[in-house]
There are 2 protein chains.
Amino acid sequence: MARGEFCCTENVIHEGAVAQVRAAMHEAAALDTVAGFFRVLGDGTRMRIISALLVRELCVCDIAAALGMTKSAVSHQLGTLRAARLVKCRREGKSVFYSIADDHVIKMLEGGLEHVHE
Amino acid sequence: MARGEFCCTENVIHEGAVAQVRAAMHEAAALDTVAGFFRVLGDGTRMRIISALLVRELCVCDIAAALGMTKSAVSHQLGTLRAARLVKCRREGKSVFYSIADDHVIKMLEGGLEHVHE
DNA sequence: CAAACGATTGAACAACCGTTCAACTGATAT
DNA sequence: ATATCAGTTGAACGGTTGTTCAATCGTTTG
């Protein structure tokens, strides 16, 4: 009886199942990347920023006004959203205008709303 | 010149834009709910559990074995996934078997993988 | 150039979250 | 009933993370 070095007390309940899953499931590194992407969407402030930018392009000051937050807090979150390629920005004079990077984000938010409305 | 009580230094840059966004964007409460849903997906361990359960139904001990984690850590995360209605469970003797709650989760994970692969 | 303003950045603090450890529950078998 | 095993739960610890505050950058204007 082969014993794994990983399980709870002594041995695995269903060795076949564990081996099958280990071979078939996605790589941990890829899943961590996807988790990192979802983590960016997993914040109320960032979600509100995205929702605002879905209406129209906005500068940082206007986002802060619409959300009732400081420019600094908003800018920090915009940095996170930009790093995740969820939003893009464009400078115009002293202002920086942000908008949704691609419509892939929209489908993601819709999917999330679907899961919640049930 | 009407002044809002919310902006950065003194006044809003584009009042019309702010008013439009405030009226058209989703409610903060709904966005918080969606954010909470995405936050559950925003963890590498939970993502690996989901990926494992996409292969086949598994008991807690086997998930722990497949992931190289303790039963306790896995059970805590399964509780989070269950609360978010992402997985469901079924008791069979001493074991508890977990599986994906609905195929809505699958589309969500695929969407996330798409965004990463680009 | 200097002042003003929109925006960014870094440090610091508090709140949140994942893992560990230990105690406990529920079910099966002796 | 007692023991054993799968699983759950709660407290605690450490790491992460969001907001605040202050300082700074970049651009425009006087």
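So that the names make sense, note that chain A is the first sequence line, chain B the second, and so on, each numbered from 1.
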Exercise. Using the ring of each side chain (for Trp, its six-membered ring), is His104(B) parallel, tilted or perpendicular to His115(A), with breaks at 30° and 60°?
Worked result: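 It falls in the parallel class, under 30°.
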
Of the options [options], whose atoms approach the side-chain atoms of [X] most closely?
X: Thr70(B); options: dT28(C), dT20(C), dT20(D); result: dT20(C)
X: Ser72(B); options: dT20(D), dT9(D), dA7(C); result: dT9(D)
X: Ala73(A); options: dG26(C), dA7(C), dT20(D); result: dT20(D)

Whole angstroms only, please: what is the [atom1]-[atom2] distance between [X] and [N]?
X: Leu81(B); N: dG18(C); atom1: CG; atom2: P; result: 10 Å
X: Phe97(B); N: dA6(D); atom1: CZ; atom2: P; result: 11 Å
X: Arg91(A); N: dC5(C); atom1: CZ; atom2: P; result: 16 Å
X: Met69(B); N: dG18(C); atom1: CE; atom2: P; result: 11 Å
X: Gln77(B); N: dC16(C); atom1: CD; atom2: C1'; result: 14 Å

Problem set entry | Those residues of residues 40-56 of chain A lying under 4.0 Å from DNA chain D by at least one heavy atom | Asp43(A), Thr45(A), Arg46(A)

For this session: Decide, applying a 5.5 Å centre-distance limit and a 30° plane-angle limit (both strict), whether His76(B) stacks on dT19(C).
Result: no

Please state whether the phosphate of [N], meaning OP1 or OP2, lies under 4.0 angstrom from any side-chain nitrogen or oxygen of [X].
X: Ser95(B); N: dA6(D); result: no
X: Arg39(B); N: dT17(D); result: no
X: Tyr98(B); N: dT8(D); result: yes

Problem set entry | N/O donor-acceptor pair under 3.5 Å between Asp43(B) side chain and Arg46(B) backbone |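 Judged by distance alone, yes, a pair lies under 3.5 Å.
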
Problem set entry | Main-chain N/O of Asp32(B) paired to Arg48(A) side chain as donor or acceptor, under 3.5 Å | no

For this session: Kindly give the heavy-atom pair with the smallest separation between Lys88(B) and Ile100(B), and that separation in Å.
Result: NZ-O, 3.2 Å

